[in-house]
Number of protein chains: 2
Amino acid sequence: MKNTPKAIVEITVDVVIFTIEDGELKVLLGKRIIEPYLGKWSLPGGFMWKGETSIEAARRILATKTNVADVYLEQLYTFDEPTRDPRGQIVTISYFALVPSNMIGLKQTEEYKSELFSVTKIPALAFDHEKIVKYAVKRLRSKLEYTNAAYSLLPNKFSLTELQKIYEIILGTLQDKRNFRRKYINLGLLEKTDAMSGGKHRPAVMYRFKKRQPIELQEKAF
Amino acid sequence: MKNTPKAIVEITVDVVIFTIEDGELKVLLGKRIIEPYLGKWSLPGGFMWKGETSIEAARRILATKTNVADVYLEQLYTFDEPTRDPRGQIVTISYFALVPSNMIGLKQTEEYKSELFSVTKIPALAFDHEKIVKYAVKRLRSKLEYTNAAYSLLPNKFSLTELQKIYEIILGTLQDKRNFRRKYINLGLLEKTDAMSGGKHRPAVMYRFKKRQPIELQEKAF
DNA sequence: TCAAAAGTGTTGAAGATACACCCATGG
DNA sequence: CCATGGGTGTATCTTCAACACTTTTGA
């Protein structure tokens with residue numbers, strides 16, 4: 001046992017960036033421009049640098065894809081199958097982030113493409129990234145049920161209907177409008193603003209989250 | 001950015017081994033016999049080996065401290081502050097395990113001591129292990145609320161009172177005996193055995209978990 | 001005036017909580 | 001016969017779910 005070699009590994013950080021667009025929950029994927037898995041879709045990620053923490057690396061990766069600062073970002077799981085990367089024993093610390101879709105920049109150059117994919121239509125992915133995405137979706141659902149994480153998918157001000165749609169899309173269940181409103185308002189996380197929505201129809205009262213930081217609820221609410 | 005050096009790190013695996021003893025939730029700690037932190041209490045842990053996964057390393061560490069096989073063991077979180085280990089950038093993948101107290105062997109040699117500490121009386125620990133323990137306790141509470149994890153703290157057969165005590169100790173709340181029994185039996189996780197408890201008083205019907213593997217409940221039950 | 005989304009209360013059912021006494025055993 | 005833990009049912013309260021119509025606006 002004393003002579004068994006320690007693993008000496010490089011660390012990558014992969015980020016599952018969720019957003020809601022066109023009424024669907026989507027994930028940002030990029031087409032790989034280097035080996036291994038050249039040309040395959042994969043999660044945005046990269047190596048962790050010397051002296052850096054994994055969450056700093058995650059923020060750095062996020063910053064290259066989006067222009068958001070105080071976004072919901074949480075460590076997901078560490079995947080370390082020794083065979084998961086053909087280059088050798090490379091451990092990945094995965095994160096997931098929630099970002100309003102208008103904050104995501106899709107760079108489309110000749111050699112590199114980013115695209116949003118509905119979580120119901122994920123293509124074959126590089127490495128074990130399909131497993132990571134599945135895990136992230138599961139975690140996201142449970143976060144929505146007992147935290148205020150939805151704040152991170154919405155602009156500062158939003159209508160209750162927009163909020164309700166987020167829950168319906170991610171949890172995959174329709175909510176009763178009156179029950180949803182009563183329940184959410186009673187959670188005490190929101191405050192009314194004096195703004196109203198524009199648009200073709202009756203204007204809606206715009207709400208705002210009192211705190212745009214993660215808050216855990218005592219009870220599962222949805 | 002291309003010239004920023006990748007972190008090349010060693011990986012340790014630390015395991016928070018929980019048990020219940022004398023009506024208290026306890027954690028197994030060992031006194032370190034090597035630097036750094038020589039002589040300080042710390043979580044059982046060790047380096048991940050080449051070609052090994054972190055959960056294999058966790059099982060290996062667990063096997064040196066206990067004699068259990070199919071125990072509840074779950075990845076907790078990965079801690080990677082570059083300064084967390086004075087030897088350099090060493091990342092730890094933490095796990096937590098639930099073990100019946102009679103399955104834990106406390107080796108006491110001249111140079112090495114293992115002891116169980118109540119989670120309310122954790123001494124100063126090496127590295128960031130206090131943070132890890134705190135995190136593990138929080139996670140354990142929530143696991144108890146919506147999984148059958150309690151199976152892993154009990155022998156095969158047990159009375160409902162013993163089960164109830166586990167919940168009371170870990171959640172820190174007293175349960176009503178009749179309500180607890182009705183609720184737990186309705187979860188459908190248990191089956192009666194035809195064994196009865198021995199002891200000085202009225203014998204209790206012994207139950208058994210139908211499955212001694214992790215099961216997630218749909219709803220938070222406690 | 002029409003289409004589309006906003007907004008609003010009540011009732012019934014189900015689930016959760018509170019609560020107290022008798023039973024079986026060993027010493 | 002006593003001390004100790006085992007075992008059981010009901011009434012109330014709270015919470016959740018189901019349900020439909022009116023209002024406001026822009027086109």
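The chains referred to below are lettered A, B, ... by the order of the sequence lines, with proteins before strands, and numbering in each begins at 1. Not measured: the values here are computed from a predicted model. Both backbone and side-chain heavy atoms feed into the values below; hydrogens, waters and symmetry mates do not.
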* Asked: Does the side chain of Thr161(A) get closer than 4.0 angstrom to OP1 or OP2 of dA5(C) through an N or O atom?
  -> no
* Asked: Taking OP1 and OP2 of dG7(C), is either one under 4.0 Å from a side-chain nitrogen or oxygen of Arg181(A)?
  -> yes
* To the side chain of Pro203(B), which of dT17(C), dA4(C), dA24(C) is closest? -> dA24(C)
* Any idea which of dC19(C), dG9(C), dG6(D) is nearest the Ala204(B) side chain? -> dG6(D)
* **Over all atoms of both residues, closest heavy-atom pair of Lys40(B) and Leu125(B)** => CD-C, 4.4 Å
* **Minimum-distance pair of heavy atoms, taken over all atoms of Tyr151(B) and Arg212(B)** => O-NH2, 3.0 Å
Taking [atom1] from [X] and [atom2] from [N], how many angstroms apart are they, rounded to a whole number?
| X | N | atom1 | atom2 | answer |
| --- | --- | --- | --- | --- |
| Tyr184(B) | dT8(D) | OH | C1' | 21 Å |
| Leu163(A) | dG7(C) | CG | P | 13 Å |
| Met196(B) | dG5(D) | CE | C1' | 12 Å |
| Gln218(A) | dT15(D) | CD | P | 15 Å |
| Lys165(A) | dA6(C) | NZ | C1' | 12 Å |
| Phe222(B) | dT17(C) | CZ | C1' | 14 Å |
| Lys183(B) | dG7(D) | NZ | P | 20 Å |
| Gln175(A) | dC16(D) | CD | C1' | 12 Å |

* Do Arg178(A) and dA20(D) share a donor-acceptor pair, side chain to base, under 3.5 Å? -> yes
* Classify the side chain of Lys177(A) versus the base of dG7(C) as yes if they form a donor-acceptor pair under 3.5 Å and no if they do not. => yes
Students often mix this up, so state it plainly: with edges at 30° and 60°, are the rings of [X] and [Y] parallel, tilted or perpendicular?
| X | Y | result |
| --- | --- | --- |
| Phe209(B) | Phe158(B) | tilted |
| Tyr184(B) | Phe222(B) | parallel |
| Phe18(A) | Phe96(A) | perpendicular |

* To do: Using heavy atoms to find the nearest nucleotide of DNA chain C for Tyr207(A) and Arg202(B) separately, return the residue whose nucleotide is more 5′.
  => Tyr207(A)
* Structure fact -> By nearest-nucleotide position on DNA chain C, the 5'-leaning member of Asp176(B) and Met206(A) is Met206(A)
* Structure fact -> Result for 5'-nearest mapping on DNA chain D, choosing between Arg182(A) and Lys200(A), is Arg182(A)
